[in-house]
Structures are given as C-alpha cells and as structure tokens.
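All remarks here apply to the structure that follows.
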Amino acid sequence: MPEKRIICAALTGNWGSKKDNPALPVTPEEIADAAYEAYCEGAAVVHVHMRDEHELPTMNVDRFRYCIELIRSRCDIIINLTSSGDHTFETIGAYDVRCAPFAELKPEMGSFDCGSMNWMHTTIFENHPMFLEMLGAVMIEAGVKQEIEIFDTGMMGTALHYIKNGVIKEPSHFQFVLGCPGGIDATVENLAFLHRRLPEGATWSATGIGSSHIPILLTTLALGGHLRVGLEDNLFYEKGVLAKSNGQLVGRAREIMRLVGMEPATPDEAREMLGIRSK
Ligand code: ZN
C-alpha cells in the first residue's frame, strides 16, 4: 500500500487580495467552494482565514460559523482555523477576539503561532506570552488540535517550552512556514535543521513561500513530513504564472506524491495520524 501523507490547503491567508490574484477566495462562499475543490483534489485539511466585506482579515465568529457550515454541508475535510487576528493588528486587548472562534465553534484544528515577529517588513505579528497561554488553555478546553506554526528558529524553543508546561498538548503537530519575510529563509538546510529539533513522536508539515515552494515540498516528502500548499503561501503557480485555484496547487502536490509512490491521506486517515477524534 502506498505511503500516505497529509495535504493541508491554506486557502486565503491575511495578506493577498483579489488584485494580486483574482482566484483568491475571500467571501465565505468562495472559501467554502475552495475548500471543497481542495478536498476533491486530495487535501485532508483546510487552513481557513476569514475576510470581511472589504476583503480585510477578520476573526468574526459568525462569519467563521457560516463558512464552516457551508464546508461541512459538502465534505468532511478537517477544518483548521487561524488564530492570527484581524486587520487592525491591535492584538493587545483583543485576545478574546482571537480566542472566540475556538471557544465557540470548537473546530478540529487551529493554528498556534509560537512567538512574535516583524512580519513582511511591514508590521508586527504579535503573539504575547499572555495571549499564547490563554489561547492554549482555550484550545485544550475546546478539544482543538493545536497546529504549532513555526516561522523562525527561536519559535522552536518556545514550542518546546509550551509542550513541557502543558500550554500545548501532546502529541504535537508542527507546521514549518519557511520563506516569509521576517522569518527563516526557505532553504533545504534550514528545514533539515528545524526537523532535527522536533520532539519525539511529533508529526509535522512544511511549506515554502514563493520560489522555494517546490524544493521545500520535495525535501519535506524526503524527510517524512506532510505538505501545506495553497494561495495563502503562493499566489503564483510558477514564475510569472498566477495559480488558477487552491485546487490546482493541491492537485500538483498530489501528482508529485504519486510520482514517488505516495498517496494523499483522506480526512479520516489524517485524523488518525494527527490524533484527532472526529466530532
Ligand atoms: Zn494562515
């Protein structure tokens, strides 16, 4: 039987817009359509950000709820919500807002970003220790599988600290996002370094932003990891060519897997691999 690997589709993110790529899904309906297309192409997980009516990032619970209902009416893909905040970047004092979708909607997965960073040379992606402790407690209480997002090497130490003191529940799952301006560069050496620091028994996945996408994808498969693809990380399919859809990026990852004798995991197989109990 071919080896199974999980494909996570990161559909929208907080940064791109329809001006950058008209295929970027921004309404709840478009995001649900993109999730279903990603599922049909082989994704087992969708990582979901929400946008408001002006395409700006929002943590609005009702918008998340409506989108989740649309996705759920069509497929059983694992839904992984972002915790990264809204467009105001006023994250201090807005901890409740960032935790609310997890407390109220209890998604199967959610991103947990292990530290703050200068983001895209533009702003600060702030994840104060007080916020992370609160988010960790909310996620564990709600039964949300924490996806530990790692943008830089120091975040690994923070993740190990939180695993040790129970803010992150084991078995842990890591998502390495390489090549984000302000974070670690997307090189094979850097991915191998992060991989060596994983705790015993952890599962992991990786994505490279921009031109590094395919080298990081291939290295991840070689090192035994799972894949993340999607328009959040790559608006382009290749140099100078916009991606047509999230499904197109998932389909390419699936075909690369098949070339090396692997198959994409189904949502239920991914639940088993990640230790998620189906709700
Ligand atoms: Zn995201």
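When a ligand or atom number is given, it counts from 1 through the structure's own listing order. Position 1 is the first residue of the sequence, and the numbers go up from there.
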Exercise. Answer yes or no for Glu149: is there an N/O/S atom below the 2.8 Å cut-off from the Zn ion (ligand 1)?
Key: no
Here the vertex angle at the Zn ion (ligand 1) for NE2 of His47 and OE1 of Glu232, given to 10°, is 90°
Atom name of the N, O or S atom of His49 nearest to the Zn ion (ligand 1) is NE2
Salt bridge (Lys or Arg N to Asp or Glu O under 4.0 Å) pairs touching residues 148-173, sequence neighbours excluded, are Glu149-Arg228
The single option from Ile6, Thr203, Asp268 that satisfies side-chain contact (heavy atoms from CB on, under 4.5 Å) with Met273 is Ile6
Could you tell me whether a side-chain N or O of Asn234 sits under 3.5 Å from a main-chain N or O of Ile209, the two making a donor and an acceptor? no
**Study point:** Flag, side chain of Arg63 to backbone of Arg51, donor-acceptor distance under 3.5 Å
**Key:** yes
